[in-house]
Participant: 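Let me give you the structure first, and then I'll get to my questions.
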Amino acid sequence: MSLLPIAAAGAPAECSVSSGTSPVALLELYTSEGCSSCPPADRWLSGLAAKGVNSERVVPLALHVDYWDYIGWRDRFAQPEFSERQRQMARLGNSTVVYTPQVMLNGRDFRNWRNSGHFERELAATNNSAAQATIRLTLKQPRLGTLDVSIAAQNTQEGNHALFFALYENNLTSVVKRGENAGSILHHDFVVRKWLGPFALNGKSPTSWRHEIKLDKEWNPESLGLAAFVQNTATGEVLQAVSRPLCTT
């Protein structure tokens, strides 16, 4: 995978990322500030880079679900569509059970995330295989609160595949005053702010999109990033993933 800055005189700065010849794993953490067992999983996700598990190997995303909001604390990062995404992924895995914290690795329930050796073996199995899809993601420096995104993707496998992309934010903190985590200060990274997709791929032909994302004024552009991945919509298998921070200079 390669990260490239693109500059042109008088034009907004651009930056891009292209997938390489090996797959990058997608890691989805389903979590909630109203769940007392979730903070350790949040810390684990935030600590991956310090352990050498970077965006060349895995794209982490934290999707905050809303079904714990009723027990006393409303998670400000939770969105109903993330709860539905979790249920949909469970159904693809022939399960009716969802829970928090739940880690999904490449579209599959991964309960041994606490076991660093097992996690490393699973990542290595993905990273050492041959890529079945390519993604190129190009971002323009945000202007007037809007991010311009261009994406090109192609897969080599038969079946129904789609591209998804997610805007995420790092370095977030919440002071929880009620519920199971009352009195705690929680820190979060890779929190999905906006989820877009599915965008259907045209068989094995290259497909491209351009999209404008309106940025909320409360989001810090220097802590934002964009992730994109190609997924088999019938099985949940993730073929390729990329991510990069926004270009802000």
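All residue numbers refer to positions in the sequence shown, counting from 1.
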Participant: So which heavy atom on Tyr67 is nearest to which on Ser83, and how close?
Facilitator: CD2-OG, 3.7 Å

Participant: Tell me whether the rings of Trp209 and Phe199 are parallel (<30°), tilted (30 to 60°) or perpendicular (>60°).
Facilitator: tilted

Participant: Quick one: do Glu212 and Lys194 make a salt bridge, cutoff under 4.0 Å?
Facilitator: no

Participant: Assigning hydrophobic clusters by single linkage (Ile, Leu, Val, Met, Phe, Trp, Tyr; side-chain heavy-atom cutoff under 4.5 Å), is Leu92 placed with Val65?
Facilitator: yes

Participant: Heavy atoms, side chains only, cut-off 4.5 Å: are Leu48 and Phe119 in contact?
Facilitator: yes

Participant: If you define the side chain from C-beta out and look only at heavy atoms, does anything of Trp68 sit under 4.5 Å from Glu180?
Facilitator: no

Participant: Please check: side-chain N/O of Gln231 versus main-chain N/O of Gly236, any donor-acceptor pairing under 3.5 Å?
Facilitator: yes

Participant: Quick one: closest heavy-atom pair of Gly34 and Trp73, and the distance?
Facilitator: N-CD1, 4.4 Å

Participant: Any donor-acceptor pair under 3.5 Å linking the side-chain atoms of Asp109 with those of Ser95?
Facilitator: no

Participant: Does CG belonging to Asn160 count more than 12 external heavy atoms closer than 6.0 Å?
Facilitator: no

Participant: So does Leu201 get a backbone contact from the side chain of Thr207, meaning a donor-acceptor N/O pair under 3.5 Å?
Facilitator: no

Participant: With a 4.5 Å heavy-atom cut-off, do Arg193 and Leu172 have their side chains touching?
Facilitator: yes

Participant: Please answer whether the main-chain N or O of Ala62 pairs with a side-chain N or O of His64 as donor and acceptor at a distance below 3.5 Å.
Facilitator: no

Participant: Any side-chain heavy-atom pair from Trp219 and Leu246 closer than 4.5 angstrom?
Facilitator: no

Participant: Hey, is the main chain of Val98 close enough, under 3.5 Å, to the side chain of Arg87 for a donor-acceptor pair?
Facilitator: no

Participant: What distance do Cys247 atom SG and Leu224 atom CG have between them, rounded to the nearest 0.5 Å?
Facilitator: 11.5 Å

Participant: Closer than 3.5 angstrom, by distance alone: can the side chain of Gln240 be matched with the main-chain N or O of Phe229 as a donor-acceptor pair?
Facilitator: no

Participant: Under the 3.5 angstrom rule, does the side chain of Thr156 hit a backbone N or O of Gln132 as a donor-acceptor pair?
Facilitator: yes

Participant: Could you check whether any side-chain heavy atom of Leu226 comes within less than 4.5 Å of a side-chain heavy atom of Ile213, counting everything from C-beta outward?
Facilitator: yes

Participant: Please state whether the rings of Trp44 and Trp113 are parallel, tilted or perpendicular, taking 30° and 60° as the class boundaries.
Facilitator: tilted

Participant: Backbone N or O of Asn115 within a donor-acceptor pair of the Asn112 side chain at under 3.5 Å?
Facilitator: no

Participant: Distance-only, no hydrogens or angles: does the Ser184 side chain make a donor-acceptor pair with backbone N or O of Leu186 under 3.5 Å?
Facilitator: no

Participant: Is it the case that one hydrophobic cluster holds both Leu167 and Val191, taking links as side-chain heavy atoms less than 4.5 Å apart, direct or via other members?
Facilitator: no

Participant: Is there a path from Leu196 to Leu239 through hydrophobic residues (I, L, V, M, F, W, Y) whose side chains come within less than 4.5 Å of each other?
Facilitator: yes

Participant: Go through Arg91 and Gln88 one step at a time and tell me if the side-chain contact (heavy atoms from CB on, under 4.5 Å) criterion holds.
Facilitator: CA-CA 5 Å; Arg91 289 192 293 269; Gln88 179 186 27; 3.8 Å; yes

Participant: What do the steps show when you test Glu237 against Arg108 for salt bridge (Lys or Arg N to Asp or Glu O under 4.0 Å), and what is the final call?
Facilitator: CA-CA 8 Å; Glu237 178 189 10; Arg108 294 288 181 267; over 6 Å; no

Participant: Is the shortest side-chain heavy-atom distance between Ser243 and Tyr168 below 4.5 Å?
Facilitator: yes

Participant: Inspect the contact between Arg74 and Glu33 and indicate whether a charged nitrogen and a carboxylate oxygen are less than 4.0 angstrom apart.
Facilitator: no

Participant: Side-chain contact test, heavy atoms from C-beta onward, threshold under 4.5 Å: evaluate it for Thr31 versus Leu63 and give yes or no.
Facilitator: no

Participant: Glu222: which residues meet the salt bridge (Lys or Arg N to Asp or Glu O under 4.0 Å) condition with it, sequence neighbours left out?
Facilitator: none

Participant: To check you understand the geometry: which heavy-atom pair defines the closest contact between Val238 and Gly107, and what is its length?
Facilitator: CG2-N, 4.1 Å

Participant: If every non-hydrogen atom of Leu163 is compared with every non-hydrogen atom of Ala153, which pair is closest and at what distance?
Facilitator: CD1-CB, 3.7 Å

Participant: Can you check side-chain contact (heavy atoms from CB on, under 4.5 Å) on Leu123 and Leu27, steps first, answer last?
Facilitator: CA-CA 10 Å; Leu123 275 190; Leu27 192 159; over 6 Å; no

Participant: Do Asn171 side-chain atoms and Asp189 backbone N/O form a donor-acceptor pair below 3.5 Å?
Facilitator: no

Participant: Asn106 side chain to Leu26 main-chain N or O, any donor-acceptor pair under 3.5 Å?
Facilitator: yes

Participant: So which atom in Leu29 and which in Ala41 form the shortest heavy-atom distance, rounded to 0.1 Å?
Facilitator: CD2-O, 3.7 Å

Participant: Determine the minimum heavy-atom distance between Val24 and Ala241, stating which atoms define it.
Facilitator: CB-O, 3.2 Å

Participant: When clusters are formed by joining ILVMFWY residues with side-chain heavy atoms under 4.5 Å apart, either directly or through shared neighbours, do Met104 and Tyr99 land in the same one?
Facilitator: no

Participant: Could you label the plane-to-plane angle of the Phe82 and Trp195 rings as parallel, tilted or perpendicular, counting under 30° as parallel and over 60° as perpendicular?
Facilitator: perpendicular

Participant: State, without any angle test, whether Arg210 and Ser150 hold a side-chain donor-acceptor pair at a distance under 3.5 Å.
Facilitator: no

Participant: Taking the inter-plane angle between the rings of Phe77 and His188 on a 0 to 90° scale, is it parallel (under 30°), tilted (30 to 60°) or perpendicular (over 60°)?
Facilitator: perpendicular

Participant: Do Asp69 and Asp75 make a side-chain contact, defined as non-hydrogen atoms from C-beta onward lying under 4.5 Å apart?
Facilitator: yes

Participant: Kindly indicate, with the supporting measurements, whether the criterion salt bridge (Lys or Arg N to Asp or Glu O under 4.0 Å) is fulfilled by Glu122 and Arg111.
Facilitator: CA-CA 12 Å; Glu122 289 293 321; Arg111 301 198 177 204; over 6 Å; no

